[in-house]
Amino acid sequence: QNKFLDKVNNISKLNPGSKKFLLAITTGNKTFFDKDEISLFIRTGTIHLFAISGLHFAIIYLILRVLLDFIIKYKMLKSFIIIITLYIYLVFINESISAIRAFSMISMWEIVSLANKKSSSLSIITIAFFFSYILNPLSIFSVGFQLSFSIVLAIIWFFNTNENKGKGIWNQLYKTTQASVASFSGSVLILLLTFKQFVPVAIFSNILIIPLIFPIMVVCLLYCLLFIIFGADYPFFLNTTYNIIFKILSTFDVNYLFFNNISIKSFGGFFLVLPLFIIFFYNVRFNIYLKSFIILFIQLFNYFLIKFIN
């Protein structure tokens with residue numbers, strides 16, 4: 001990874017902002033951003049873009065799957081190449097907790113599909129949970145671990161529904177909104193207790209940003225491929241992409257939708273309640289509004305209950 005960072009920083013013709021953005025979104029390394037840039041991503045609720053997780057692995061998986069479907073006919077060989085490629089990427093980004101969870105889920109999904117067995121997202125994430133725990137038992141106490149599994153569980157639960165909002169752009173907008181609300185609901189209390197921050201604007205900014213992540217990642221990966229393997233340096237598209245993203249996020253950077261340094265005490269057992277609740281009520285058919293209310297209510301109720309007991 002260090003060689004890649006050095007080559008981009010010292011040789012690439014990208015403008016300084018684009019270099020930092022490229023390195024952060026492909027490796028998870030945010031150390032090149034200055035305080036103002038980090039503050040912008042935090043205040044707009046988009047700092048998660050630079051935490052390598054299921055979103056990044058899913059995009060790479062989709063790109064590999066589409067390419068290999070045109071080249072290779074053998075299903076087992078395609079799955080083998082996908083898993084090995086994703087494992088190399090996992091090692092490249094230094095095996096963060098959220099990345100291990102994402103790699104485990106996609107790998108298990110591929111293995112199960114090879115065996116022609118039916119599986120659910122809940123089963124896959126449960127296996128990923130135990131795999132991550134076995135690799136590092138102490139990871140269960142890390143915020144990254146708690147956020148990763150809580151958010152994914154919330155998203156899985158929100159999408160476990162028969163709701164149909166039509167076809168085309170309205171359906172895609174509804175799904176994006178669903179994912180954004182689920183992510184916010186599953187993470188809001190953890191972020192509040194851990195980082196003392198409340199960022200409601202994240203719901204709106206991510207509705208706009210999430211659909212753009214796929215083309216952004218494609219541009220970044222294509223630039224890396226051409227630059228690292230072929231030595232070709234075409235900075236225009238990535239520079240343009242960075243400028244557009246920066247302008248979009250700047251419109252969401254408003255003081256009255258960001259709350260910081262909130263005085264609230266944290267405690268250990270809080271993080272176990274939400275995942276257990278979602279698993280227990282996984283097959284209960286609630287709509288998106290009721291699910292959002294239930295998730296927030298369960299977290300708040302648990303917080304005040306433990307605070308009262310203590």
Hey, can you tell me if Phe129 and Phe149 have their rings parallel, tilted or perpendicular (30° and 60° cut-offs)?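 Perpendicular.
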
What orientation do Phe227 and Tyr223 show, parallel under 30°, tilted 30 to 60°, or perpendicular over 60°? parallel

Has [X] got a side-chain atom pairing as donor or acceptor with [Y]'s backbone, closer than 3.5 angstrom?
X: Ser180; Y: Ile203; result: yes
X: Asn15; Y: Asn239; result: no
X: Ser187; Y: Ser183; result: yes
X: Lys20; Y: Phe33; result: no
X: Asn206; Y: Gly45; result: yes
X: Ser205; Y: Phe252; result: no
X: Asp34; Y: Glu37; result: yes

Run through the side-chain heavy atoms of Ile, Leu, Val, Met, Phe, Trp and Tyr, join any pair under 4.5 Å, and report what else lands in Ile229's cluster. Leu222, Leu225, Leu226, Phe230, Tyr234

Which hydrophobic side chains are connected to Ile88, either touching it within the sub-4.5 Å cutoff or through other members that do?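 Members besides Ile88, by chain and number: Phe80, Ile84.
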
Contact check, side chains of [X] and [Y], non-hydrogen atoms, under 4.5 Å:
X: Leu23; Y: Thr31; value: no
X: Met217; Y: Ile63; value: no
X: Thr26; Y: Phe4; value: yes
X: Phe41; Y: Leu49; value: no
X: Arg65; Y: Ser79; value: yes
X: Leu212; Y: Ile248; value: yes
X: Thr85; Y: Tyr61; value: no
X: Tyr87; Y: Ser107; value: no

Minimal non-hydrogen separation, [X] against [Y], with atom names:
X: Val201; Y: Arg43; result: CG1-O, 3.3 Å
X: Thr44; Y: Asp253; result: CG2-N, 3.9 Å
X: Ala128; Y: Arg101; result: CB-O, 3.9 Å
X: Ile106; Y: Ala58; result: CD1-N, 4.0 Å
X: Lys19; Y: Asn9; result: NZ-O, 3.0 Å
X: Ala202; Y: Phe184; result: CB-CD1, 4.5 Å

[Y] reachable from [X] in the ILVMFWY side-chain graph, under 4.5 Å edges:
X: Val66; Y: Ile60; answer: yes
X: Ile127; Y: Ile134; answer: no
X: Met76; Y: Ile82; answer: no
X: Phe130; Y: Trp109; answer: yes
X: Phe158; Y: Ile210; answer: no

Walk me through it: do Ile83 and Phe103 pass the test side chain to side chain contact (heavy atoms under 4.5 Å, CB included)? CA-CA 8 Å; Ile83 292 173; Phe103 171 76; 4.1 Å; yes

Working to the nearest 0.5 Å, report the span between [atom1] of [X] and [atom2] of [Y].
X: Ser53; Y: Ile151; atom1: OG; atom2: CD1; answer: 8.0 Å
X: Thr176; Y: Ile209; atom1: OG1; atom2: CD1; answer: 12.0 Å
X: Ile25; Y: Cys224; atom1: CD1; atom2: SG; answer: 10.5 Å
X: Ile42; Y: Ile47; atom1: CD1; atom2: CD1; answer: 5.0 Å
X: Leu114; Y: Lys78; atom1: CG; atom2: NZ; answer: 10.0 Å
X: Leu62; Y: Leu67; atom1: CG; atom2: CG; answer: 9.5 Å

Heavy atoms of other groups near Phe237 CZ, more than 12 under 6.0 Å: no

Tell me if the NZ atom of Lys75 is crowded by more than 12 foreign heavy atoms within 6.0 Å. yes

Is there a side chain to side chain contact (heavy atoms under 4.5 Å, CB included) between His56 and Ile213? Walk through the geometry before answering. CA-CA 9 Å; His56 300 74; Ile213 291 301; over 6 Å; no

After noting the C-alpha distance and the side-chain angles of Phe32 and Leu5, does the key distance pass the side chain to side chain contact (heavy atoms under 4.5 Å, CB included) rule? CA-CA 10 Å; Phe32 298 103; Leu5 297 177; 4.1 Å; yes

Aromatic ring proximity Phe57/Tyr89, centre distance under 6.0 Å: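 That pair passes the under 6.0 Å test.
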
What about Phe21 and Phe246, are their ring centers closer than 6.0 Å? no

Does anything in residues 169-183 pair up under salt bridge (Lys or Arg N to Asp or Glu O under 4.0 Å), and if so which pairs, sequence neighbours excluded?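 For residues 169-183, and leaving out neighbouring residues, there are no salt bridge (Lys or Arg N to Asp or Glu O under 4.0 Å) pairs at all.
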
Audit row: Ser18, Leu22, side chain to side chain contact (heavy atoms under 4.5 Å, CB included) steps and yes/no: CA-CA 6 Å; Ser18 298; Leu22 173 68; over 6 Å; no

